[in-house]
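Please read the structure below before turning to the comments.
Note that the structure is a prediction, hence the values are computed from the model and not measured. Note that ligands are numbered from 1 as they come in the structure, with each ligand's atoms numbered from 1 the same way.
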Amino acid sequence: MTLSHTASKMPFLNLSAVQYAALKKQADELLSRMTLAEKIGQMSQFTSDRDVTGPSIREGYKNDIREGRVGSVFNAFDADFTRQLQQIAVEESRLGIPLLFGYDVVHGFRTIFPIPLGMASSWHPDVLEEAARIAAKEAAAAGIHWAFAPMVDISRDARWGRVMEGCGEDPLLTSLYAKAQIRGLQGDDIASVETVAACVKHYAGYGAAEAGRDYNTVNLSERVMRSIHLPPFQAAVNAGVAAVMTSFNTVDGVPASCNPLLLDQILRREWQFEGLVVTDYTAIMELIFHGVAADPAEAAQKAVNAGVDMDMQDGYFLDHLEQLVNEHKVTAERIDEAVRRILILKAALGLFEDPYRYCDEAREKATILAPQHLEKARQIARESIVLLKNDGTLPLSGSPGKVAVIGNLVEDKGEWIGPWHGAGRADEVTSFKSALEKRLPLDSIRYSKGTAGENASNADNEQAREEAIQAARQAALVILVVGEREYMSGEAASRTDIRLPEDQRLLAKAVLNTGTPTIMVTLSGRPLVLGDVVDSNEVLPPHVLLHAWWPGTQGAPALVDLLFGDADPSARLPMGFPRHVGQLPLYYAQLPTGRPLDKIDPDPRYSSQYIDSPNTPLFPFGYGLTYTHFEYGTPKLTSTVLSLSSPEDKLILTLTLTNTGQRKGIEVVQLYMRDPVASISRPRRELIDFKRIALDPGEDKEVHFQIKTKQLGYLDQHLQNRVESGCIELFVGPNVEETQQIKFNLID
Ligand code: GLC
C-alpha cells in the first residue's frame, strides 16, 4: 500500500498565524514604499572585509549599503563593527532598512565546540542543541542575526573535506541533529536577543560530490536524493528554520541554485517552506561555469525564477534584475515575494524596532567565553571523543611513571579548533600541554615534537623523530598526539590520500615500534585511513587509540579528563573509518549486490569484493568503546506481526542491558532494520532508532524500542512512500556490525 503525503502547516520560526500575519503586514507596508531598485538591494548580500570565506570581495560595499543596494552583510561581527555598518544602513540610506548580519556560526562563535562531525559522535542531540544555544548567545551579542548553520549534507566519502561540518553518513542521525541545532540557534523566541535565525545548508546533494572532490558533479537519482539526502532538510523545515542555502553542485544536470524541482516543487510546494532562500557564495555566477547560463543576466534570471530570494556575493541580482523585470523576464510579483520574506525575517528579529539591539558591547563582553560556556565546551568535547581501542591502559590510575608526550600538536592551539571556527581564536584555546600539566607532575613529563614540520627537510624530520624515539624508549608510557592539519579538511580541502600526513605517520610508526605502551590520540576533520599505523604487521599496535576529531577550545582538558577517568568515553562513530581510500564511498547502508560476499556458492572468487582488502571498514559506523563492558540480553518482540493498514500500529522490542564491568558507563544501543524482499532492493541495514543508556557497575535495565508500521516505509521507484507485506529483520547491538537479529511480519 502507499502512504498518503500529509503536508502539515510549516511552523516557520515557530510563529503563530497571528504573529506571522502581523510581520507580513509590517513587511508589506514597507514594500509598498520601496522602489524596484531598493527591493533588489534587499535581495543582495555581500561579505564584509572582516573575514574571507570565498573567492571574491566587493570593493565599496559600504557605499552600496548607503545607496540601499545591500540587504544583508556577512562575515561582519563584533558589536562595534556591526554597529558602524548598521548605522550606514539605518541613518544614511533612503528608507533606513536595517541590515541582516549573517555569519558561519558552525560549531561555536568564540567558544569553539568540537567540529560538527565530532559532536555527531555523541549520538546525543542535546549536545548539539546546547552548543548551538551558546553559539547563538555569543554570536547574537556580537551583532550577528543569522547563522549559516546547520550544515546537514550527508556524506559517505571521507575524501570530501566538508564531512567535518556535517553529521556523517546517516539520514536519521543527521535529521535529529538538524532539529537539535535549529532549536539551539533559534530557541523558542526568534525575537530574543539571545537567539539567531538559522540557515540549513547546502541544499542539496552537495555531500555526494563525485570522488569526494569539493564542488564536483553530483549524480543522484531523485529517489536516492529524497530518501537519503533530503530528510535532514525537511526535518529542518519542520523545525522552523528561517532560511535555506542552495548548494554549489548540479543535481541531475541542473545546478541546485537554479533548480525548480528542489526550490519550487519540493521546498515550497511539498514542504511549504515560508522562509528565505539564499545562494551559496557566488553560486549564481557559477551557473555560467556550469554551462547553463550564457551571461550574468541569464544566470540571475534562472536563479530568481527558480526561487532564489537572496544573492550571496555575485552582485548579479543587483546588476541585472531591474532590466529583467523591465523586459518581463522576471515578474514584479516574484521580486515582491522574495523581498517580503527578507523583510519578514528582519521584522521577526525585531530589527525595525531597534536595529542595534544585537550590537551591545556590554552584553558582548559578558557573554563571549563566559566560564559556563567553556565548561559546556569541555563537557561536550568529552562526549565527542571516540575510544577506538583500549587494552585496559585507560583510564590511567595512580602514577604512570615517566611519560613521553610526543607530537607537535601537544603545544599547538589553533589546530584544535579546526576549520569554520567562527570568530574563535587560537590564543583562547587551552593546549594539551597545559591541560596535562594540571594532572601530572612536571618532572614526570618529557616532551618531544617528533616532527620538524611537513615542509621541513627529511634530515630535520629524521632528527626530530630520533629525539621522539629516545624519549619513548626512556618512558614507561607514551602519549602520542598526531593528526591532520587544520587546512586539510573543510571547504576546498578534499584529499585523495586520507592517511595521516607523512611526517605524522612516520612519527607514529617509529614511536609505536619502540614497544613502549602508547596512548595514541588522533585529530582530524574526517574519518582517517589508519590501518598502516594501527593495524599493520610492520608496526606494533597502540595500547589505546582515541579519536578526538578537532575538539575545540576546551578539547584538550576534555581529553585529559578521559585519560584519567574523570569522565568516561561514550562517543560512537557517525561515519565508518575505511581501511583504504580505494573503498570510498563507503557506508553501512549499502544495497546488497547480486553477488554477496557471504554466499560462498558457486565460486566465491566472483563475489563483490576487492582482491586486496576486506569490504568492511576498519571501524564501523556506530562503533566506540567505553571503560566498562555491557552485555546484551536476547531481544524479544511483543508481537511477531504488525498491521500494514494502520500506520500507527506498533510493537515493542525489549532487551536487558547489563553493565558487567567495574565502572559506570553509557551504552548507545542501536536498532537497525532490513527489508529483505521488497519491490526495490533495500539497504542491508538502516538505523531506525537508538538509546543512550547510563548504567552503574552491575546494574541492568530493560531497553525498549517502539517500532511502528509507518517507520518501515520507503520510496518506491514511482517515488511513492510504500510499506509492503512480508518479513522485516531487526538488528540490535552496540554498532552496525555486532548485532543480534530478530524478525517479524508485516501483514495485510
Ligand atoms: C561558502 C560555503 C558556505 C558558507 C558561505 C559563506 O563558500 O560553502 O557554507 O556559508 O561560503 O561564508
Side-chain angles (χ1 to χ4, degrees), residues 44-58 61 70-77 99-109 115-117 132 135 139 144-155 160-167 174 178 181-182 185 196-209 212-216 218 232-233 236 241-250 255-257 275-287 289-290 308-315 418-424 487 489-494 525:
S44 304
Q45 182 187 51
F46 294 108
T47 180
S48 87
D49 42 8
R50 196 63 182 262
D51 198 356
V52 181
T53 56
S56 67
I57 298 262
R58 185 177 168 95
Y61 72 94
V70 185
S72 172
V73 169
F74 66 115
N75 291 337
F77 53 86
L99 292 168
L100 186 64
F101 290 110
Y103 194 45
D104 293 287
V105 186
V106 175
H107 56 115
F109 178 70
I115 57 168
L117 191 60
I144 308 294
H145 311 128
W146 183 17
F148 300 146
M151 189 283 212
V152 302
D153 298 322
I154 302 286
S155 182
W160 193 50
R162 302 197 80 167
V163 297
M164 53 95 15
E165 278 172 72
C167 296
T174 304
Q181 288 179 79
I182 290 160
L185 291 168
V196 294
C199 180
V200 68
K201 66 189 189 184
H202 309 84
Y203 187 68
Y206 185 34
R213 198 181 79 218
D214 205 4
Y215 317 123
N216 201 8
V218 165
F233 289 94
V241 74
V244 171
M245 185 186 294
T246 64
S247 56
F248 290 124
N249 54 282
T250 53
S257 299
L276 78 98
V277 171
V278 63
T279 64
D280 202 344
Y281 208 110
T282 59
I284 302 181
M285 175 194 75
E286 291 167 28
L287 300 180
F289 295 116
H290 279 300
V308 168
D309 302 314
M310 187 179 276
D311 166 356
M312 183 190 284
Q313 193 58 24
D314 297 291
W420 290 118
H421 52 245
Y487 78 87
S489 285
E491 185 174 353
S494 296

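Here the CD1 atom belonging to I144 is positioned 12.0 Å from the CG atom belonging to L185, to the nearest 0.5 angstrom.
The side-chain heavy atoms of V308 and V278, taken from C-beta on, include no pair separated by under 4.5 Å. Between C167 and Q181 the shortest side-chain heavy-atom distance falls below 4.5 Å.
K201 has a carboxylate O that lies under 4.0 Å from a charged side-chain N of D104, or vice versa, which qualifies the two as a salt bridge.
Annotation: ring pair (Phe, Tyr, Trp, His ring centres under 6.0 Å) contacts of Y215 (sequence neighbours excluded): F248.
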Would you mind writing out a table of all protein N or O atoms found under 3.5 Å from any N or O atom of ligand 1, naming both atoms and giving the distance to 0.1 Å?
{"unit_1": "ligand 1", "atom_1": "7 (O)", "unit_2": "T53", "atom_2": "O", "d": "3.4"}
{"unit_1": "ligand 1", "atom_1": "7 (O)", "unit_2": "E491", "atom_2": "OE1", "d": "3.0"}
{"unit_1": "ligand 1", "atom_1": "7 (O)", "unit_2": "E491", "atom_2": "OE2", "d": "3.0"}
{"unit_1": "ligand 1", "atom_1": "8 (O)", "unit_2": "R162", "atom_2": "NH1", "d": "2.7"}
{"unit_1": "ligand 1", "atom_1": "8 (O)", "unit_2": "R162", "atom_2": "NH2", "d": "3.4"}
{"unit_1": "ligand 1", "atom_1": "8 (O)", "unit_2": "D280", "atom_2": "OD1", "d": "3.3"}
{"unit_1": "ligand 1", "atom_1": "8 (O)", "unit_2": "D280", "atom_2": "OD2", "d": "2.5"}
{"unit_1": "ligand 1", "atom_1": "9 (O)", "unit_2": "R162", "atom_2": "NH2", "d": "2.9"}
{"unit_1": "ligand 1", "atom_1": "9 (O)", "unit_2": "K201", "atom_2": "NZ", "d": "3.0"}
{"unit_1": "ligand 1", "atom_1": "9 (O)", "unit_2": "H202", "atom_2": "NE2", "d": "2.6"}
{"unit_1": "ligand 1", "atom_1": "10 (O)", "unit_2": "D104", "atom_2": "OD1", "d": "2.5"}
{"unit_1": "ligand 1", "atom_1": "10 (O)", "unit_2": "K201", "atom_2": "NZ", "d": "3.0"}
{"unit_1": "ligand 1", "atom_1": "11 (O)", "unit_2": "D280", "atom_2": "OD1", "d": "3.3"}
{"unit_1": "ligand 1", "atom_1": "12 (O)", "unit_2": "T53", "atom_2": "OG1", "d": "2.6"}
{"unit_1": "ligand 1", "atom_1": "12 (O)", "unit_2": "D104", "atom_2": "OD2", "d": "2.5"}

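Taking the six-membered ring where the residue is Trp, the centroids of Y206 and W160 are separated by under 6.0 Å.
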